[in-house]
Number of protein chains: 2
Amino acid sequence: MRVSTRGRYAVMAMFDLAMRGEVGPVPVKAVAERQGLSERYLEQLMAPLRRAGLVRSVRGAQGGYVLARSPAAISVGDVLRVVEGPISPVACVSDPKACDRTDGCVTRGIWRRLRDRMVEVLDSITLADLCAEAAAEPAAQEPRGGTDSRA
Amino acid sequence: MRVSTRGRYAVMAMFDLAMRGEVGPVPVKAVAERQGLSERYLEQLMAPLRRAGLVRSVRGAQGGYVLARSPAAISVGDVLRVVEGPISPVACVSDPKACDRTDGCVTRGIWRRLRDRMVEVLDSITLADLCAEAAAEPAAQEPRGGTDSRA
DNA sequence: GTCATTTCCTAGTGCGTCACTAGGGTTTCC
DNA sequence: GGAAACCCTAGTGACGCACTAGGAAATGAC
């Protein structure tokens, strides 16, 4: 029950764009370096984000990516859905045809409830929220370092 | 972000045991047939459930599996953790060593919150709850059929 | 106008995991 | 003794993940 690196990287990249994109387009190279990700791989994640209308691209030198909307109008759920498909713990919850025992299947209720909660959390957190958290704890925008406060 | 068939099948099997296990041990064969699962595969899922102390096994003819505790004392989360490992959307939330940027990583907060909600839902649903739901909607204990009420 | 920078597109690849299948061995009831 | 059941280990095909690779096209700086 894991989100893949696709999802995690995409969120990290969008957060980076939210933090740095005020002045102009941010190149993938810069995002990848700051967040410690593979540039070529991240490049591939930007394509669906652009097609989905979450970011705009500026080609050529001094180009890069910019958020297409305000950080407050983009949720983590929005980002995840683009690169990972529907937020759903099992296929039959988002696609009724995926299972022929969908009707009258008790366990299906579990997954539907779980899905609803997951969506609730993920859609309630926006990129603006992440920026606010980063501002409160300054080390957060850097790839590593900071105080050791693990629980 | 999916639960594997391991998790789903294990929950279905435990539900079946909760429904039918009052009178005596239920063989894997019967569970597999009722739930429409591969017998040999399900057999392999029962092993960890037994080792974890969620079910007891009775060997030999007329043997099978019985819940080791009352259905009300076994949550869906208990079952999932046994066959799928820790309930966690990303490794770094359950294992701090999994990521070297755990400290001061803004996105980590997302996954921690998500994890907490998932655990909340999964641990709040017991096998007894599933049995009660099945009783309310009788078709639910059968592998297929029932009224077509898809949303 | 050329050159560096950057996005854009497609294809390949090693690896691991998932969902089983297979072949037995051991225990127990009838 | 035989059938029914659990128990253990090993294999296997398919798939997706996490990249790497090789370019083509666009654009700004000079």
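Every chain is numbered from 1 and lettered A, B, ... according to where its sequence line falls, protein lines coming before strand lines. Small disclaimer: the values here were computed from a predicted structure and weren't measured. For the numbers below, each heavy atom of this structure counts, side chains included, while hydrogens, waters and symmetry mates do not.
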In B/S/- notation, 5' to 3', how is nucleotides 12-17 of chain C contacted by protein heavy atoms closer than 4.0 Å? ------
Please report the shortest heavy-atom distance between [X] and [Y], naming the atom on each side.
| X | Y | answer |
| --- | --- | --- |
| B:Glu84 | B:Gly7 | OE2-N, 3.6 Å |
| B:Pro71 | B:Leu67 | CG-CD1, 3.9 Å |
| A:Gly77 | A:Asp123 | CA-OD1, 3.5 Å |
| B:Val82 | B:Pro48 | CG1-O, 3.4 Å |

Select base, sugar-phosphate, or nothing to describe what B:Arg8 touches, counting heavy atoms under 4.0 Å on all strands. nothing
Pairwise 5' ranking along DNA chain D for B:Tyr65 and B:Ala61, keeping only the more 5' one: B:Ala61
Which is more 5' along DNA chain D, the nucleotide nearest B:Val28 or the one nearest A:Ser4? Just name the residue. B:Val28
Please say which of B:Val11, B:Asp129, B:Val3 ends up in a side chain to side chain contact (heavy atoms under 4.5 Å, CB included) with A:Ile110. B:Val11
Let me know the distance between [atom1] of [X] and [atom2] of [N], rounded to the nearest Å.
| X | N | atom1 | atom2 | result |
| --- | --- | --- | --- | --- |
| A:Lys29 | C:dC8 | NZ | C1' | 17 Å |
| B:Tyr41 | C:dC20 | OH | P | 6 Å |
| A:Glu33 | C:dT5 | CD | C1' | 14 Å |
| A:Leu49 | C:dC9 | CG | P | 14 Å |
| B:Glu43 | C:dC20 | CD | P | 15 Å |
| B:Leu45 | C:dA19 | CG | P | 9 Å |
| B:Arg59 | C:dG25 | CZ | C1' | 9 Å |

Please list all pairs passing the salt bridge (charged side-chain N to carboxylate O under 4.0 Å, His left out) test where one or both residues lie in residues 35-54 of chain B, with sequence neighbours left out. B:Arg40-B:Glu43
So does B:Glu133 pair up with A:Arg113, basic N to acidic O under 4.0 Å? yes
Closer than 4.0 angstrom, basic N to acidic O: yes or no for B:Arg117 and A:Asp116? no
Answer with yes or no whether the hydrophobic clustering places B:Met12 together with B:Val66; edges join I, L, V, M, F, W, Y residues whose side-chain heavy atoms lie under 4.5 Å apart. no
Hey, is the side chain of B:Tyr9 poking within less than 4.0 Å of OP1 or OP2 on C:dC20, counting only N and O atoms? yes
Nearest-nucleotide comparison on DNA chain C, the residue closer to the 5′ end among A:Gln62 and A:Arg50: A:Gln62
With a 4.0 angstrom cut-off to heavy atoms of chain B, pull out the first and last contacting nucleotide of DNA chain D, in 5'-to-3' order. D:dA4 to D:dA10
